[in-house]
Amino acid sequence: MTVHNLYIFDRNGSCLYYSEWNRRKQAGISKDEEFKLMFGMLFSIRSFVSKMSPLDMKDGFLSFQTSKYRLHYYETPSGLKFVMNTDLSVPNARETLQHIYSNLYVEYIVKNPLCVPAHSLDSELFSSRLDAFIRALPYFSPRAA
Amino acid sequence: MTLLSAGQDVAKMVIFSVYVVNKAGGLIYQYDNYVPRAEAEKTFSYPLDLVLKHHDEKVIVSFGQRDGIRVGHAVLSINGVDVMGKSTAEGKDILEYLKDPANYPVSIRFGRARLSSNEKLMLASMFHSLFAIGSQLSPEVGSSGIEMLETDVFKLHCFQTLTGIKFIVLADPRQSGIDALLRKIYEIYSDFALKNPFYSLEMPIRCELFDQNLKGALEIAEKAGNFGAGS
């Protein structure tokens, strides 16, 4: 049971934050390209889902899974996107992502007058609190090296 | 505990539609099993308090959500007569028609726009690419593409065969047994499409027996799903 990585995107597509804990395979492209590809994929999935949906949606796209991992998605009304890749044993990480937004992002970034989330989040406090929070999750267990 | 009023049926778990995509990403088969039509018809007087705009050859609501009319709903009919894209049945532009106070009071029906075949083709190809990107961005080695995509109103299941054909099923999120259904649809495809001497590979599937057996398999899966889950 593990969390692989976490991305935070702003409404324009720039990746504000990225960190990984248990990633075993890199994408084979540079980090910048990977962020753009990830954002593009999510943008397309949202558009796809809104057209395909047989009924009106409230929360929209929630997650997808492949044979090896699951991607969880949470978007705030302000356009901030939280994306977390975990393994298949985690069914729903929406509350986790909501917690990261309201208790970590809002507390340590939004309420910080020196932190302007333009291109990346520079707050040490945010990074360390987020890392501690993820490691304390019930479904996080570090792999034996 | 909710008490159901007489005549109200329990929410039925359904399978919405089935898509089959060939290995190049082109849609070769599509079947809509259940298309819920959430529509609202209301009579309006001048001036119209909804903001409408042109989008993709349709007129859709861009602002002014109320009473079952949501943002994104399209104008389906005016005064009972179905519209044709951006113009009324008589050929007048809808937005111009609604700007003229002489045409009021007017009764307009709004609802989710039905997907045209072109749009379905584009969406199937879009999913084909997203499937591949899901595999590329995987943090784990040896991942497949997107096998299941979940939203709050539907779940999309995808099964890719060894030959690159994708079988895609859209169903209610609580519906179970879709994996077995996908394998069954693959079986029906190999029995009634591949073994049909008049069917060419990767081309649109136009085999009556395929349609019939697919409908049968969907009915069985829906019944099994409803029975197994209970409430």
Side-chain angles (χ1 to χ4, degrees), chain A residues 2-7 18-29 33-73 83-88 91-94 143, chain B residues 14-17 19 32-38 56 65 68-73 111-116 119-120 122-127 129-158 160 168 170-173:
Chain A
T2 185
V3 175
H4 295 298
N5 49 11
L6 174 81
Y7 303 75
Y18 170 75
S19 71
E20 58 187 47
W21 290 272
N22 271 322
R23 185 172 190 166
R24 265 153 250 152
K25 171 187 160 289
Q26 298 301 324
I29 47 181
E33 283 182 29
E34 183 191 318
F35 297 151
K36 281 191 250 185
L37 187 60
M38 175 60 84
F39 184 82
M41 177 180 76
L42 293 167
F43 187 85
S44 303
I45 288 181
R46 281 180 53 235
S47 157
F48 172 79
V49 155
S50 71
K51 286 222 142 110
M52 270 296 224
S53 177
L55 302 159
D56 294 315
M57 299 192 300
K58 199 164 54 78
D59 295 323
F61 167 55
L62 299 171
S63 72
F64 75 67
Q65 85 179 47
T66 74
S67 61
K68 292 276 161 98
Y69 76 99
R70 192 181 221 129
L71 181 143
H72 305 264
Y73 177 80
V83 183
M84 184 159 79
N85 289 333
T86 68
D87 71 351
L88 294 175
N92 194 327
R94 198 168 167 81
R143 290 271 290 190
Chain B
V14 286
I15 295 171
F16 297 114
S17 41
Y19 293 73
D32 285 325
N33 187 42
Y34 178 74
V35 182
R37 289 284 112 206
D56 271 357
Q65 190 163 293
I69 301 171
R70 306 271 307 262
V71 169
H73 277 195
R112 277 191 77 82
R114 214 157 305 209
L115 287 173
S116 68
E119 287 179 324
K120 286 178 185 167
M122 288 196 289
L123 289 172
S125 307
M126 195 191 268
F127 183 75
S129 313
L130 293 171
F131 182 92
I133 298 176
S135 161
Q136 186 184 359
L137 288 175
S138 165
E140 280 270 22
V141 177
S143 169
S144 73
I146 298 176
E147 287 186 344
M148 196 271 289
L149 191 143
E150 182 166 5
T151 74
D152 51 353
V153 295
F154 74 93
K155 243 188 201 171
L156 180 147
H157 302 254
C158 177
Q160 179 170 270
I168 298 165
L170 263 74
D172 189 285

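Values below: every heavy atom of this structure, side chains too, minus hydrogens, waters and symmetry copies. Chain naming here is simple, since letters A, B, ... match the order of the sequence lines and numbering starts at 1 in each.
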Please assess Glu150(B) against Gln65(A) for the test side-chain contact (heavy atoms from CB on, under 4.5 Å), listing each intermediate value before the final yes or no. CA-CA 8 Å; Glu150(B) 182 166 5; Gln65(A) 85 179 47; over 6 Å; no
Validation: residues 37-52 of chain A side-chain donor-acceptor distances under 3.5 Å, sequence neighbours left out:
unit_1	atom_1	unit_2	atom_2	d
Ser44(A)	OG	Gly40(A)	O	3.0
Arg46(A)	NE	Glu75(A)	OE1	3.1
Ser50(A)	OG	Ser47(A)	O	3.0
Lys51(A)	NZ	Asp56(B)	OD2	3.4

Pro139(B) and its side chain to side chain contact (heavy atoms under 4.5 Å, CB included) partner, picked from Arg24(A), Arg23(A), Gln26(A): Arg23(A)
Interface moiety of [X] toward chain A, non-hydrogen atoms closer than 4.5 Å:
X	answer
Leu170(B)	side chain
Val35(B)	neither
Leu115(B)	side chain
Ser135(B)	backbone
Met148(B)	both

Using non-hydrogen atoms and a 4.5 Å limit, figure out which bit of Ile29(A) sits close to chain B: side chain, backbone, both or neither. side chain
Mind checking what makes side chain to side chain donor-acceptor pair (under 3.5 Å) contact with Asn5(A), not counting sequence neighbours? Tyr18(A), Asn85(A)
Comparing Glu119(B), Arg114(B), Lys120(B), His73(B) against chain A, the one with the most heavy-atom pairs below 4.5 Å turns out to be His73(B)
Is the backbone N or O of Asp59(A) less than 3.5 Å from a side-chain atom of Asp152(B), with the two atoms forming a donor-acceptor pair by type? yes
